[in-house]
Amino acid sequence: MIPENSTSDFASYAKKTTLFPSLVEQRQGRGPIPRVGEAPLEKIRADFPILSEQVEGRQLVWLDNAATTHRPKQVIDRLVHYYTHENSNVHRGAHTLAERSTDAFEAAREKIARFLGAPGANNIVFVRGTTEGINLIAYAYVKPLLRPGDEIILTLLEHHANIVPWQLVAQETGAVLRVAPVDESGQIILSEYAKLFNSNTRFVSMTQVSNALGTVAPVQEMVAIAHGFGVRACVDGAQSVSHMPVNVSAMDADFFVFSGHKIFGPNGIGVLYGKEDVLDAAHPWQGGGSMISDVTFERTLYQKAPQKCEAGTPNVADAVGLGAAIDYVSAIGMENIARYEHELLEYGIRELGVIPGLTLVGTAAQKASVLSFVLNGHENEEVGRYLNRAGIAVRAGHHCAQPILRRFGYEGTVRPSLAFYNTPGEIELLARTLHEFVNSSL
Ligand code: PMP
């Protein structure tokens, strides 16, 4: 059930926002067809075959993008092409397919480096996803630095993937976790964050965008504060890379991690960016083939990063597919995507803001993609099931971010989350269906 004393009222928040009128005009037939940058929305949507899927006899409306995104046919076709024409192990064959496969794999690494504004391809390590990337940093880089009483700083906004690995290394070493608080809107309180640093602080890890509230944290300032104390910082980009331009060099992050499946790429592939010196200092993460330069039974010499961190046969096809996803969003333009989604988010805030009993959870001025809410008198799962019957897919639950929801007095929320292929019409359908739900249960 929804607590009565909820603090963040969606309707009053909606009134405070500056709405872009263009989407409203478009819906009323007075404006042009929505575009994301130069690309007409209809053309973009036609690239995503699953968006034409029917569920429960209705047109699918995918508003669960924070959980996973869909793949355009350019990514699907790239995977088919890889398995049809290039499939081979990488780096070690003397034959043509090994060359093709290695070229495609390393080209993907280079694309990702450029996309993130990294100094070079050697800063890019392929991992399974954000979760594996954070575990790698925790075990290979941070754990060897830790002594009893050392401190790791996190924030209240973190996904469990950026809490539990730190808890594990802390338990194994006697280190402790310190947690930066948020204000009533769900934004990090920078002055409180800065107060957590002291001579025992060894590392800080923070999300750039909260998957539960959508808060965009001031990561550039947070990294600068950490560096001012001589502390290295990791930024969890799982919820930011698909919604806004990211430049790891401007941000000055020591590590940055994200998952392919949240940016229209394949499952089971992700990226760990690291500065050269931190990757050099990291201990081997897993031992095996590909990460060595010489092995005897007495000792092993390792390759430099990124190979040092990529033991075994890599997930070549999905890395190549991720490269295709990066090409896809880059062609539309991350600035254009950010601008369009911002309009859509504000439109959503206004449309949902007039629904009786609906409370927005997370009202930070800087927000991306997420419209988490609770409906007075209704279980989140009940709302999710009703929306599903209208073809609308949203997440209902704790979103693997229990500490931040509990900060606001909730065990869960209903969470519509946007991507650039969502339309104003889908937002209207969501709002209309929620009105129906509220009216039907009066
Ligand atoms: N961090 C954040 C902010 C996330 O939203 C997620 C996924 N929901 C993760 C980490 C974990 O990502 P993955 O499950 O792809 O490893």
Side-chain angles (χ1 to χ4, degrees), residues 62-71 75 112 125-139 154-168 179-180 182 186-188 204-219 222 233-244 246 248 251 253 255-273 285 315 318-319 321-322 325 341 361-362 364 366-372 393-405 407 412-419:
W62 186 256
L63 293 175
D64 196 14
N65 294 289
T68 202
T69 57
H70 289 306
R71 286 53 154 175
V75 170
I112 291 159
V125 176
F126 284 116
V127 288
R128 218 154 41 85
T130 308
T131 303
E132 189 174 71
I134 295 171
N135 276 275
L136 192 162
I137 299 163
Y139 280 93
L154 306 174
T155 85
L156 202 50
L157 291 176
E158 303 315 316
H159 185 279
H160 298 164
N162 202 22
I163 299 174
V164 184
W166 304 112
Q167 229 157 29
L168 289 169
V179 183
V182 299
Q187 184 54 277
I188 302 289
V204 46
S205 193
M206 68 196 79
T207 194
Q208 186 170 14
V209 173
S210 154
N211 72 313
L213 309 187
T215 308
V216 182
V219 289
M222 293 169 76
C234 166
V235 175
D236 172 352
Q239 296 293 343
S240 61
V241 278
S242 64
H243 301 295
M244 60 190 64
V246 163
V248 290
M251 194 188 286
F255 295 101
F256 183 91
V257 283
F258 72 92
S259 302
H261 72 99
K262 300 216 196 251
I263 182 167
F264 319 102
N267 267 335
I269 190 77
V271 169
L272 160 64
Y273 158 83
W285 150 241
N315 182 356
D318 292 323
L322 176 56
E341 285 187 17
V361 184
Q366 301 294 323
K367 240 172 99 90
S369 165
V370 172
L371 284 161
S372 242
V394 298
R395 181 60 66 97
H398 61 53
H399 321 304
C400 300
Q402 289 179 308
I404 187 61
L405 293 183
R407 156 71 175 78
T413 65
V414 184
R415 184 192 65 180
S417 53
L418 310 175

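Counting starts at 1 for both ligands and their atoms, in listed order. Note that these values count all heavy atoms, side chains included, but never hydrogens, waters or copies made by symmetry. Predicted model, so just to flag it, every value in this text is computed and none were measured.
Set against the non-hydrogen atoms of Thr131, the atoms of ligand 1 under 4.0 Å away are 11 (C), 12 (O), 13 (P), 14 (O), 16 (O). Heavy-atom proximity to His261, at under 4.0 Å, picks out these atoms of ligand 1: 15 (O). Atoms of ligand 1 found under 4.0 Å from any heavy atom of Ser259 (numbered from 1 in listed order, with element): 12 (O), 13 (P), 15 (O), 16 (O). With ligand atoms numbered from 1 in the order given, ligand 1 contributes 5 (O) to contacts under 4.0 Å with heavy atoms of Asn211. In summary, the atoms of ligand 1 found under 4.0 Å from a heavy atom of Thr207, numbered by their order in the structure, are 3 (C).
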Side chain to side chain donor-acceptor pair (under 3.5 Å) for Ser369 and Ser417? Distances and angles first, verdict last. CA-CA 5 Å; Ser369 165; Ser417 53; 5.1 Å; no

Start with the C-alpha distance between Thr413 and His399, add both sets of side-chain angles, then the distance that settles side chain to side chain donor-acceptor pair (under 3.5 Å), and finish with yes or no.
-> CA-CA 8 Å; Thr413 65; His399 321 304; 2.7 Å; yes

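The protein heavy-atom contact nearest to atom 5 (O) of ligand 1 is Gln239 NE2, 2.7 Å. Shortest contact from atom 1 (N) of ligand 1 to any protein heavy atom: Asp236 OD2, 2.6 Å. Atom 4 (C) of ligand 1 has its closest protein heavy atom at His159 CD2, 3.3 Å.
Inter-residue side-chain proximity for Thr215 and Ile404 is flagged as unmet; no heavy-atom pair is nearer than 4.5 Å. Between Trp62 and Thr69, every side-chain heavy-atom pair lies at or beyond the 4.5 Å cut-off. With a 4.5 Å cut-off on side-chain heavy atoms, Val216 and Ser240 do not count as touching. In this structure, His243 and Val209 have side chains that are not in contact, with every pair of non-hydrogen atoms separated by 4.5 Å or more.
For the ligand labelled ligand 1, residue Glu132 lies outside the 4.0 Å heavy-atom shell. Assignment of Lys262 to the shell around ligand 1 is supported, since a heavy atom sits closer than 4.0 Å.
In this structure, Asn65 and Leu418 approach most closely via the heavy-atom pair ND2-C, 3.5 Å.
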